[in-house]
Structures are given as structure tokens and as C-alpha cells.
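Letters A, B, ... are given to chains in the order of the sequence lines, protein chains preceding strands, and every chain is numbered from 1. Keep in mind the model is a prediction, meaning the values are calculated, not measured.
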Amino acid sequence: MHRILLSLSALLLSLLITSCNSESNDESNNNYPIKKVTEGIYYHQGVHQDPSEQNIGAVANVGFIIGERCVAVIDSGGSYLEGTYLRQAIKVKTDLPVCYVINTHVHPDHIFGNAAFKEDSPEFVGHEKLPAAMAARQDFFARVFKETLGAAYEGTEFISATRTVSVDKPVTLNLGNRLLTVTAYTTSHTDHDITVLDNKTKTLWTGDLLFMERIPVLDGSLSGWLSTMEQLKTLDLNYVVPGHGTASSDLWQQGFENQIRYFTTLRDEIRVIINDMGTIDEASQQVGITEQNSWELFPQYHRRNVTASFVQLEWE
Amino acid sequence: MFNRIISLLAACLALAFITAPASAATPTEPLWPTLKYLYFGDKADSIREDATDLLVLEAPKRAEDAAIVPMTIKSLVPQTADKYIKNIHFIIDNNPEPYSANFHLSADLGLVDITTRMRIDQYTYVRVIAEMNDGSLHMVSRFVKASGGCSAPAGKDAAAALARLGKMQIRMRTPTIGEPVTAQVIVSHPNYNGLQYDQETRRYIREHRVTNIAISYNDKPLISVDTGISVSEDPSIRFTFTPTEAGVLKADVKDSKDQHFTQQKEIM
Ligand SMILES: [Zn+2]
């Protein structure tokens, strides 16, 4: 009797599980939630963690904009696997083809999903300096991330931009009654950042020019990024999708202010140390202490930001 | 000549690693047992390891920014005319070219206290081998963990680095004659290691790097560094010396395109 009950309940349980599974497969991947920003604009919010096999590298914000003719993907994911999840998520929302995959910059969490869209034959869009940045880093990224991401890395390819955007020459992409403006910047977060503006809804995808909640990482120019932020924070926008953290209509200006405060603090405190013949080591122990409770992942990236800033400020 | 051979051998070794299929993963076999014969030949077995009574190597536990990892070498025994460190060989085991620098030092330097900045490709042992004026070899080493995530040992702004190429600084606090003073020599140089890519020409940029930084006081050499490709962009040498009389501190930099850059500072 006991046995029968047990196997019956096991059967029920497995039925329950399969039905849940099949239901979720029809709709979307429960492990990969997609949020709507506004009409026709969706994103998956990355977790505030370092990339790992468990989180499949899905640490950055990635998403898509649907026009009447086709779809633009903005950043493809932190692994081939994430790219396939994102592609599935698009298929749930629309039957239209993907015509553009836009990479905001070279960092692995933004480009590693590119290969998942190969069969759609999209144009890959990026900054004019993206191909050079990718060529310089790809061996290093491949070696490191093969280990970091394990199985999620399988299938990842370095696919560079087939269409590039130059500084001061924004490019317009038409998704069918929906125009996107892609703008390239001088060295800021990296030396090849771009933003994507959806003119219809005044939604700006900033790439990593804006980090919300998570500590920003400097892989470009401290002074350059500060002036780019001053310019972006005054834009007239309805929605902003940052490279990391929450998309919003009302939090993003404060997000820029927080980043400006962080980097200004670093700059001012490092200048004092440099003028006193101090070292990178001293700076990374002393600088920016007031910021430590303001950011996620502060211990992982703050010293690195201090180091990168220090060697730039030596040449002021 | 010795240096020529060393860099040639190192290049061969690096090539062997790049072409080997296993190069994708971090090396699992320790390289030092092989490297020491490559760089020191017959004398390899005479290297005194853990020479912590003579030398200190300071390096961060983790390379925060893989492109700029500060490393400091200090001697615990003063340089004298009778007994001094003649060369310090700087080796980063797991970098593409492990032999990273050779510091030729003068007996006039007093205590050795030198900081430089290196690129670190992956987790690795970093080691310095002091070669005394009597030819004996003494080593200390440190383990450095790789930086996480997207920190590549590539330059951040190649265009900016190139625009400033050759600019130099000698920085120091106001020195007092007869007392040790810390000075820093920096030269702006992209220090391309031949792995960077030029978008315009769609080709790899030929290696263009600093090959030597020579620092002298009143024309007497203090430090001369033969630099390899592990040295960071905008190479920096920070050191301590004691000016015993008024004079001129001078730094001369040579690069692989045979360009020369120089800067000097008067001490009164
Ligand atoms: Zn980034």
C-alpha cells in the first residue's frame, strides 16, 4: 500500500513538473525573464555578479527593439548560451527577423552572444574602433572565459562589426516605422562606446556609459567619461536602459550623478596623492573610501578603477 | 649579446606556447624548472632560492588591472663598491615572454628600492633574481592572481598613447643633498607588443616598444633597464638614490624603432 502511494505521488509529481515545463517552454524561459521597458522595447536585466558558469555570464543588460519590419538586438549576452536564450525570448514576442545586432562595446558580457544570431544574417553594428579592440583582446578573453563560463561558453565566437559608426557621424537604422540613432563617443568607459536611441519612445540604451547600482568599471578615459556623462545626463529622454542595473524613466539622472560623484572623488583624491609623490598602492588603499557602501561589487573593481585612473592622471 | 640571445630564446618559447593547442588554458605545469635553464644555463642550479635576507619583492596578491600591475624590488643590504647587486632579472613565468626586464644597477645606488609596472596575462609566479658583482644568483618570488573579468592587458586608449608618444617626466620631491630621495621616470609610449591590431590598415601593428631606460646622475649611471614586452604602456621606473652633490638627473629612453627620448632635472 505504502509503495503504491509512493509511486503514485511520484507519478503525480513528475506529471506536474512536465506540465509546468511544457507550459513555460511555450511562453518563455523562466530562468531568463524579459522585462518590458516601453512599447516594443524589452530587456533582460543582468545580475550584479561576476560572470560564472552558474549565471552563464548573464551579468549585463541585453535586449531588443521591435519595429514593423524587423528587430534590433542591443548587446547579445555574456555567453553563446545567453545569446540563444535572448533569441528564444525574441521569438516569443515576434515573428519578425533580427536585422541588426548592435554591440555597445567589446566587453564579454555584451558581445559573447553574437554567434547565436548568425543564422539571422543580421548586420553587426559597432563603433569604428570596435574591431581593433576585439582583435587586441580576443585571445585573452577566450582563454579566461573558457574557464570562467565552462559549458555556457561553448559556441561563443568573436564576431566583429560589419557596419561601423564614427564619432560625430551618428547612423540611423530603420526597423520599419521605427528609427534608431546610433551614436559613437570619444574614449569614455572604453575607447569605442556607442549608445542607441529609439526616436519613437525617446528611450536611450547607454551600454556601459551608465552603471546603476553596480560599481562602474573604467576601461577607457576618466576625464573623457566624466565629460560624456555631463552631456548624457541633460538629454531629454523618457526611458533609459543602462548597461547594468535597473532601466527607468526617473532614476537614470541620479544614476549619472552617482557615477559622476564616484569618479570625481577618485580624481580629486588621486591628484593629491600624485602631487605628494604617492604610489598606486597607497592610492588604492586610501582613495574613495566614502564610496564603499554606495556600490555593489565595490571590493572587486574599486582598486582596479583607482589603478587605471592613477596612470591617466599622471599625464594631466 | 647575452640579452639578444635571451630575448630570442624567449620569443621562441612564447611562440611555442601560442601555437600549442593547450595554450588556451592556463599552464598547469610549472614553467620555472624549464625557464631557469633557458635563462641561466649552467648557473641555473646555483640560484639560491628564497633569498629573503637580501631581497624583497612586493606585488599585489591580485592583478587589479591586468595592464598595470605595480611591482617593487627592495634590497636589504646596501650597495657598496665591494659587494653590490649588478643585475636584477625580472621574470613573469606565465606571460607570453617571461623574461620581462633586466635592471643593471650601480654600486652608487645605496639601497635598492625600485618600482615598475608590468602587464600580467594570467595567474603566475613573478620572480626576481639578483646577480651580485661576484656572479652569485639570489632569488625571491611572489604569486600573483589574475584580475577578474574584462580586464585585459591591452591598452585602454591607443590613440591617446600614440599622441603623447615620447613625452617624459622626471618627478620627485624637493631633494636635499646627501639624503635619499625618491624619483620617478615615466615615458609615454604605447609599448605595442605586436599583438595589437590597426583598424585603418587591417593589420597587426608591428612591435613598437621601449627597449632601454637609462638613468644617470652627473653622467654616472644609476640604473639601466633592458625592458621586455611585459612592461606596461607608459613605462615607469620609480627609485631611490642619494645625490651626494648638486647635479643633473637624466633619463634616456630608446625604443625598438631606434627613437630616442630624453629628459633631465637639475638638483641644487
Ligand atoms: Zn563594459
Could you pull out the closest heavy-atom pair between A/V311 and B/R117, with the gap in Å?
CG1-NH1, 3.5 Å
Part of A/L218 lying under 4.5 Å from any heavy atom of chain B:
backbone
Which pair of non-hydrogen atoms, one from A/Q300 and one from B/R62, has the smallest distance, and what is that distance?
O-NH2, 2.7 Å
Does a salt bridge link A/E314 with B/R238, judged by any charged N lying under 4.0 Å from a carboxylate O?
no
What is the minimum heavy-atom distance between A/F140 and B/D121, and which atoms define it?
CE1-O, 3.0 Å
Hey, is OH on B/Y125 packed in by over 12 heavy atoms from elsewhere, all under 6.0 Å?
no
Select one option (side chain, backbone, both, neither) describing which atoms of B/A183 are under 4.5 Å from chain A's heavy atoms.
backbone
Whether A/R303 and B/D65 form a salt bridge (side-chain N of Lys/Arg under 4.0 Å from carboxylate O of Asp/Glu) is what I want to check.
no
Heavy atoms of A/K129 and B/A159 approach each other most closely as NZ-CB, 3.8 Å
Bottom line for A/N305: the part with an atom under 4.5 Å from chain B's heavy atoms is neither
If you draw a 6.0 Å radius around CG in A/N275, do more than 12 non-hydrogen atoms from other residues or ligands fall strictly inside?
yes
Check whether the side chains of A/T187 and B/D157 place a donor and an acceptor atom closer than 3.5 Å, and report yes or no.
yes
So for B/S188, is it side chain, backbone, both, or neither that comes closer than 4.5 Å to the heavy atoms of chain A?
both
How long is the span from the OG1 atom in B/T115 to the CG atom in A/D281, to the nearest 0.5 Å?
8.5 Å
Are more than 12 heavy atoms from other residues, nucleotides or ligands located less than 6.0 Å from atom CD of A/E154?
no
Max heavy-atom pair count under 4.5 Å with chain A, selected residue of B/R164, B/Q184, B/E233:
B/R164
Pairs of heavy atoms under 4.5 Å with chain B: top-ranked of A/T190, A/T148, A/D276
A/D276
Taking the side chain as everything from C-beta on, heavy atoms only, tell me whether A/I274 gets closer than 4.5 Å to B/R171.
yes
Measure across B/I68 and A/T307 and return the closest heavy-atom pair with its distance rounded to 0.1 Å.
O-CG2, 3.5 Å
Which heavy atom in B/Q169 sits nearest to a heavy atom in A/W315, and how many Å separate them?
NE2-CE3, 3.3 Å
